[in-house]
Structures are given as structure tokens and as C-alpha cells.
Amino acid sequence: MIPERTQVAIVGGGPAGLMLAHLLRLRGVDSVVLEARPRERVETRQRAGILEHGTVDALREVGADARMDEHGLPHDGFELRFSGRSVRVDMQELTGHRVMIWAQTEVTKDLIALRLSHGEPLLFDAEVLAVEDVETDAPSVRYRHDGAEHVLRADAVVGADGSYGPARRAIPEHLVGRFERIYPYSWLGILADVAPSSHELIYARGREGFALASMRSPTVTRAYIQVPNGTDAQDWADEAIWDQLSARFALDDGSFTLARGPITDKSVTPMRSVVTEPMRHGRLFLAGDAAHIVPPTGAKGLNLAVADVRVLAEALGEWFASKDETLLDAYSDTALRRVWRASHFSWTMTTMLHVDPDGDPFDEKLALAHLHHIEVSESARRALAENYRGLALGAV
Ligand code: PHB
């Protein structure tokens with residue numbers, strides 16, 4: 001039975017909502033998670049796969065680390081390629097931290113299984129119709145499940161329902177600041193049954209655009225190429241994708257060969273940056289994609305969502321324990337400082353590595369000058385590495 005009342009109503013059962021539920025439970029705070037989509041959809045949606053150190057810590061804290069430790073791939077560094085050459089950014093050496101390759105789909109599966117094993121409320125196919133009364137101390141969520149309408153009352157509501165979710169609409173339009181950048185290109189992503197050609201990720205600026213070599217396991221390659229907006233993935237033949245990947249990763253000394261294999265999944269992702277401010281209105285708190293979107297080039301989306309809920313769990317825990325609102329009042333500003341840092345980093349990585357179809361030779365020269373600076377300056381590499389592996393909570 002789903003309770004009609006809880007301490008925190010969480011709208012959205014993606015990684016942000018689920019992680020929050022777990023962190024709250026550790027602080028003795030009850031929650032109910034309402035997810036609009038079926039479980040199968042939540043568990044299979046392909047997203048990025050790089051976990052910052054802080055995200056790994058959070059998975060450990062809630063006890064969702066066993067499969068990650070068994071199958072995740074810790075990476076000490078990554079490569080940048082441009083003008084036919086390569087620069088390695090050694091995060092471990094430059095910052096003392098590394099990242100973990102562990103797909104968001106796997107993170108989500110583990111968080112769901114853990115929630116269900118605790119017997120804690122998590123409802124799929126629960127479509128939220130409205131978040132109400134957030135300006136009072138008795139907010140509620142109206143939702144439809146199994147053909148009937150229900151109301152969940154709570155002390156606080158968290159909107160972790162993605163960029164198109166309904167929670168944000170509970171904030172009056174005139175109080176919301178929206179900052180947006182649409183990029184003039186998209187990513188065509190593939191999954192392929194072939195061992196990764198490099199044991200680290202490669203971010204390349206090729207003459208015809210960006211390419212990324214990533215992986216899901218020692219036998220599964222994940223890769224992306226920059227394509228024009230509006231591209232249909234089915235218009236790209238497998239061999240044409242491999243040809244573009246090979247060309248964009250090519251090194252002048254001929255030392256790199258890309259292994260090809262059967263492509264099992266193809267999809268196109270548009271690229272945009274969005275930040276909405278503030279992330280709180282009354283008893284409603286926004287977290288993750290519901291409040292901000294970053295282009296995937298910096299691998300920050302999931303990590304930002306987890307950072308939001310770490311800050312929020314601490315603040316809600318303190319509030320329920322002592323009625324002290326100081327941390328809750330600071331939540332939006334605290335979270336937004338990291339969001340803007342990550343937005344700037346993701347924008348920098350994106351513009352430095354993509355070829356702007358509307359750009360001119362000046363843009364090209366600036367991007368190459370930036371890459372060259374990273375190549376020759378250890379402090380430039382360190383700054384890049386710090387942002388990529390993620391700044392500690394409180395360090396932003
Ligand atoms: C991925 O493996 O899907 C991936 C990795 C790094 C990124 C984006 C996506 O920056």
C-alpha cells in the first residue's frame with residue numbers, strides 16, 4: 001500500500017530521486033518515490049557513464065556499490081585529440097582522484113533494486129498531475145495510478161522529474177529565471193559489440209567535427225560523432241559511422257586503429273545547456289535535470305544530479321531533526337554554484353571540441369589555441385582534470 005502521507009514526496013524515480021530517497025532513509029527521513037514511466041523504461045534508457053569520485057562515494061554511502069566495484073572500470077585519465085595528435089590528461093597524477101566508468105542504466109537498476117529490497121515505497125506508472133500548495137506547510141502531489149487519482153501529502157516535495165517533468169510548473173512563471181543555450185549540432189551515439197580501441201576515453205576534435213570513444217565494458221564500445229541537428233540515426237549506415245569515427249580519431253603517426261564490430265544501438269541526442277533559477281519555491285525543491293541540463297561533453301549530468309541530492313538530503317535531514325532551516329534556505333544557492341561551474345565547464349569542452357557549422361576560421365583558431373594550451377601547460381591540464389573528475393562538495 002502506498003501511504004497517503006510521507007515526509008518527503010519525491011517526483012521522479014531516476015537516479016536523482018532514487019539516490020535522494022536512499023540518502024534520506026539513512027537520515028531517518030521517510031519518502032515516497034513516484035515515477036511516471038514503467039520500471040523497464042527507467043532501467044534501459046541509455047545515458048552517460050562517467051561517475052565522479054563524489055558520485056561513487058554516494059553510491060557507497062547508500063550501499064549500491066557491489067556491482068559497480070565488480071564491473072565498473074576505474075579510469076586514471078583520458079585523451080584529447082586534435083590536429084592529428086594526442087594529449088593525455090592524467091587526473092590521478094594531477095588531482096589525486098580518478099573517475100569510474102559505470103553506466104547510468106546500471107546505477108539506476110541498483111538503486112531501484114535496493115529500494116525495493118528495503119520494502120520502501122517506489123511507484124512506477126504513477127503519472128503526476130500536479131504539485132500543489134507548495135507555498136504552505138502542507139504541500140501535496142496529485143497523481144494517477146492504475147486508472148485512479150490519488151493525493152500524496154508531505155512536508156516537502158522534491159521535483160526530480162527531468163527536464164520536461166510537471167513539478168517545476170508549481171513555481172509561478174514570473175519567479176523563474178531560465179537561461180538557455182542550444183548548440184548547432186547533435187550527437188549520434190552507438191553501442192557496438194567490440195572491445196574498446198583505447199583503454200581510456202578519447203575526446204577528439206576532427207576536421208569534420210567531434211568524436212568520442214567510450215565504453216560500457218571490456219567487450220562493448222560506446223562512441224559518438226557530431227552530426228547536424230535534425231539528423232535521423234537511421235540515415236547513417238554502420239560503415240559510414242565507423243569511417244567518420246576513424247577519420248576523427250586518426251593520428252598523424254598512424255599509430256591508432258579503430259576496431260569495428262556489430263552496432264547494436266543508434267540514437268541521436270541534441271545538445272543544450274539550461275539552468276532554471278531558483279531551485280526552491282516554498283516547500284518544493286528541484287534537483288537534477290528538472291532544474292538544469294548540460295551538454296554531455298563534460299560528463300556532468302548524472303554527477304550534478306547526485307551532487308544536488310547530497311546537498312538536499314543533508315539540508316532536509318537537518319530540518320527534520322532540529323527544525324533548523326539554515327541549510328534548506330541555502331540549498332538553491334549552494335546547488336546553483338556547482339551547476340554554473342559545471343555549465344561553464346561543459347560549454348568550454350563542447351565549444352572547444354566541436355566544429356560549429358555556422359562558425360568561421362576565427363572560432364577554429366580559438367579552439368585550437370585552447371587545446372594547444374592544454375597540451376603545453378600542466379596547470380591548464382590540472383584545471384581541466386579538476387573539473388572533469390569533479391570538485392568536492394563545499395569546494396565550489
Ligand atoms: C558515455 O560513455 O556515454 C559518455 C562518456 C563521456 C561523456 C559522455 C558520454 O562525456
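Numbering of ligands and ligand atoms starts at 1, following listing order.
A distance of 6.0 Å or more separates the ring centres of Trp340 and Phe345.
A donor atom on one side chain and an acceptor atom on the other are not found under 3.5 Å apart for Arg310 and Thr55. Using modelled atom types, one finds no donor on one side chain facing an acceptor on the other under 3.5 Å when comparing Ser214 with Tyr224.
Residue-ligand proximity, Pro296 to ligand 1, at heavy-atom distances under 4.0 Å covers atoms 7 (C), 8 (C), 10 (O). The atoms of ligand 1 that sit less than 4.0 Å from any heavy atom of Ile50 are 5 (C), 6 (C). Taking a cut-off of under 4.0 Å to the non-hydrogen atoms of Thr297, the atoms of ligand 1 that pass are 10 (O). Under a 4.0 Å criterion applied to the non-hydrogen atoms of Leu201, ligand 1 contributes the atoms 5 (C), 6 (C). Contact atoms of ligand 1 toward Ala48: 3 (O), 9 (C) (distance under 4.0 Å to a heavy atom of the residue).
Residue Arg216 places a heavy atom less than 4.0 Å from ligand 1.
For the pairing with Glu375, the salt bridge (Lys or Arg N to Asp or Glu O under 4.0 Å) check across Arg85, Arg88, Arg81 returns one residue only, Arg85.
For the pair Arg338 and Asp333, the salt-bridge criterion is not met [side-chain N within less than 4.0 Å of a carboxylate O]. Using a cut-off of 4.0 Å between Lys/Arg side-chain N and Asp/Glu carboxylate O, Arg60 and Asp69 are scored as salt-bridged.
Between Tyr203 and Tyr388, the angle of the ring planes goes over 60°, which puts this pair in the perpendicular group of the 30/60° scheme.
The part of Leu212 lying near ligand 1 is the side chain, judged by heavy-atom distances below 4.0 Å. When non-hydrogen atoms are compared, ligand 1 lies under 4.0 Å from the backbone of Ala299 as well as from its side chain.
In this structure, atom 2 (O) of ligand 1 lies nearest to the protein heavy atom Ser214 OG, 2.6 Å.
Of the candidates Tyr224, Tyr388, Tyr203, Phe78, the one placing a heavy atom closest to atom 4 (C) of ligand 1 is Tyr224.
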